There are 2 protein chains.
Amino acid sequence: MSTLKSKILVVATDLFQTRGINSTGVDTIVAVAGTTKMTLYKYFVSKENLILEVLKKGHDDFQGWLTEQLNTSSKKPSEKLLKLFEFIEEWVTSPNFRGMGFIKASAEFPNEESPVHQLSSEQSREFRQYIGSLASDANIKDAEGLALQLSLLFEGAVQAEQMKRGSGAMKYAKKASKILIEGALAD
Amino acid sequence: MSTLKSKILVVATDLFQTRGINSTGVDTIVAVAGTTKMTLYKYFVSKENLILEVLKKGHDDFQGWLTEQLNTSSKKPSEKLLKLFEFIEEWVTSPNFRGMGFIKASAEFPNEESPVHQLSSEQSREFRQYIGSLASDANIKDAEGLALQLSLLFEGAVQAEQMKRGSGAMKYAKKASKILIEGALAD
DNA sequence: GATTATATATACAGAATTGTCTATTTTAGG
DNA sequence: CCTAAAATAGACAATTCTGTATATATAATC
């Protein structure tokens, strides 16, 4: 991938998160990225296309990072599950955390027919499915139910942290996840 | 309050939720409300002012409704707490549910200095405090902690339902809340 | 060094945005 | 009925938005 394209993606990701997607014009993006609109429209056919690529990259980066952390941390499925929120906390409390792309995007594009909304919705589902596979590997009976509960905690905590940095929400989300996971393991 | 002002508030609430705040122009609002811009700007000094009033009304309506439901349903604090998510589910799954104002608003106005963001943040805090007072009345030791956990579940479930109607998230949020509340009561 | 792809600079069309101004019409109250 | 307030109609300024066109400059490649 061209370094300019990559630069535009990085800058757009940051601006979308800190100023909002609809409030960020392509003029601002190219100015901060140190390039021009002609170049942006060479790599992205439209602003919507740029938004979609930003979302994809953000999600892939996060999923890739999380999967690797969990895989290297433990082999035992139930332990992976219990460590899930440890890593999520690390991610959320890191200084360069700016929020979860698909959560904000779905709020800015509420129309279910919008491609941006659809991608957000799909990413949310993918994340839940990943947790579900962890729960399934740990032989939890209602793996999908637990996955949904944990993803609610996750999305709620991210939402809380987006609303107020340093809210400490993750600490309690972690505790809650432990209670829910241990309960499900005992079933 | 003038019926026209009220009508504008109702229409704006709906449009903001279904199309997004920044994507909804005042022209659209007045057209749907069947009035004119002059009238809108007579009652609201600016679009931002309208957004703030929409948020206030939405929050007051919800809080008022929830408080009344809980007060008439039960006198015992611990039972109130346990019924909390029953009513929230009722609210979320009602056909005219369009999402929680402050959740979407905080996503569209991520800048912490924005008045809209600040109001959203405050409303989120108020809601959590209300749950905290219920937990406190039920003699729960770490009432604030439980309140935070329950509000995470709440915000996560609303987020999930905003992303995909009929997700069934509330059903599992309710189960999770029961586990967390009973655990906290036993402490 | 000449050629070719890549990026820049800049202007601009066309639409949409918020907010205002003036003039007219409708509605209510005495 | 007549007056005063409330609402409408519609144009319009000023800005901002996405996306494009054209011409110039910078790199890299043969």
Side-chain angles (χ1 to χ4, degrees), chain A residues 1-56 104-105 107-111 113-119, chain B residues 1-56 101 104-105 107-111 113-117 119:
Chain A
M1 181 160 57
S2 148
T3 66
L4 262 177
K5 181 174 184 180
S6 168
K7 175 82 183 176
I8 290 171
L9 277 173
V10 169
V11 166
T13 300
D14 188 64
L15 289 174
F16 286 164
Q17 291 287 351
T18 54
R19 305 186 187 189
I21 299 173
N22 284 317
S23 302
T24 303
V26 289
D27 288 293
T28 308
I29 296 170
V30 298
V32 175
T35 181
T36 63
K37 266 202 286 195
M38 288 309 297
T39 303
L40 186 148
Y41 280 103
K42 189 189 171 185
Y43 292 118
F44 308 95
V45 299
S46 64
K47 187 187 175 183
E48 183 176 79
N49 176 253
L50 170 61
I51 298 170
L52 292 171
E53 291 219 28
V54 163
L55 279 180
K56 275 182 205 141
K104 286 189 176 177
E108 289 211 55
F109 297 83
N111 186 346
E113 280 156 45
S114 154
V116 177
H117 185 96
Q118 287 173 0
L119 179 58
Chain B
M1 181 158 58
S2 148
T3 67
L4 263 177
K5 181 174 184 180
S6 167
K7 174 84 181 173
I8 290 171
L9 278 174
V10 169
V11 166
T13 300
D14 188 64
L15 289 174
F16 286 164
Q17 291 287 352
T18 54
R19 304 185 188 189
I21 299 172
N22 284 316
S23 303
T24 304
V26 290
D27 288 294
T28 308
I29 296 170
V30 297
V32 175
T35 180
T36 62
K37 269 202 284 192
M38 287 310 296
T39 304
L40 186 148
Y41 281 103
K42 190 189 170 183
Y43 292 118
F44 308 95
V45 299
S46 64
K47 187 186 175 183
E48 183 176 78
N49 176 253
L50 170 61
I51 298 170
L52 292 171
E53 291 220 28
V54 164
L55 279 179
K56 274 184 206 141
K104 286 189 176 176
E108 289 211 55
F109 296 83
N111 186 345
E113 280 155 45
S114 153
V116 177
H117 185 96
L119 179 58

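Computed from a predicted model, the values in this text were never measured in an experiment. Heavy-atom basis, side chains included; hydrogens, waters and symmetry copies ignored. The chains referred to below are lettered A, B, ... by the order of the sequence lines, with proteins before strands, and numbering in each begins at 1.
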| query | Are any of the side-chain heavy atoms of A:Val26 and A:Phe44 separated by less than 4.5 Å? | reply | no
| field | Set of side chain to side chain contact (heavy atoms under 4.5 Å, CB included) partners for B:Thr35, sequence neighbours left out | value | B:Leu4, B:Ile8, B:Val30, B:Ala33, B:Thr39
| task | Using a heavy-atom cut-off of under 4.0 Å over every strand shown, decide if B:Phe44 touches base, sugar-phosphate, or nothing. | result | nothing
| field | Summary of protein contacts for nucleotides 12-29 of chain C, nucleotide by nucleotide, where a base hit scores B, a sugar-phosphate-only hit scores S (4.0 Å, heavy atoms) | value | ------BBBB--------
| query | Within a strict 4.5 Å, meaning less than it, do heavy atoms of the A:Phe16 and A:Leu55 side chains meet? | reply | no
| request: Mind checking side-chain hydrogen bond (donor to acceptor under 3.5 Å, both in side chains) for A:Ser114 and listing every partner two or more places apart, or none if nothing turns up? | output: none
| request: Mark yes or no for whether B:Glu108, through its side chain, and A:Glu108, through its backbone, hold a donor-acceptor pair below 3.5 Å. | output: no
| query | Which parts of residues 4-12 of chain A get close to DNA chain D, meaning a heavy atom less than 4.0 angstrom away? | reply | none
| said: Could you work out, with side-chain hydrogen bond (donor to acceptor under 3.5 Å, both in side chains) as the rule, every residue matching A:Tyr43, not counting sequence neighbours? | reply: A:Ser2
| message | I'd like the 5' and 3' limits of the part of DNA chain D contacted by chain B, with heavy-atom contacts below 4.0 Å. | response | D:dA6 to D:dG10
| query | To the nearest 0.5 Å, how far apart are CG in A:Leu50 and CG in A:Leu9? | reply | 6.5 Å
| task | Hey, could you give me each pair passing salt bridge (charged side-chain N to carboxylate O under 4.0 Å, His left out) that has a residue in residues 34-48 of chain A? Not counting sequence neighbours. | result | A:Asp27-A:Lys37
| remark: For residues 1-11 of chain A, the salt bridge (charged side-chain N to carboxylate O under 4.0 Å, His left out) pairs (sequence neighbours left out) are A:Lys5-A:Glu53
| task | Kindly state each residue pair satisfying side-chain hydrogen bond (donor to acceptor under 3.5 Å, both in side chains) with at least one member in residues 10-20 of chain A, sequence neighbours excluded. | result | A:Asp14-A:Arg98, A:Gln17-A:Lys104
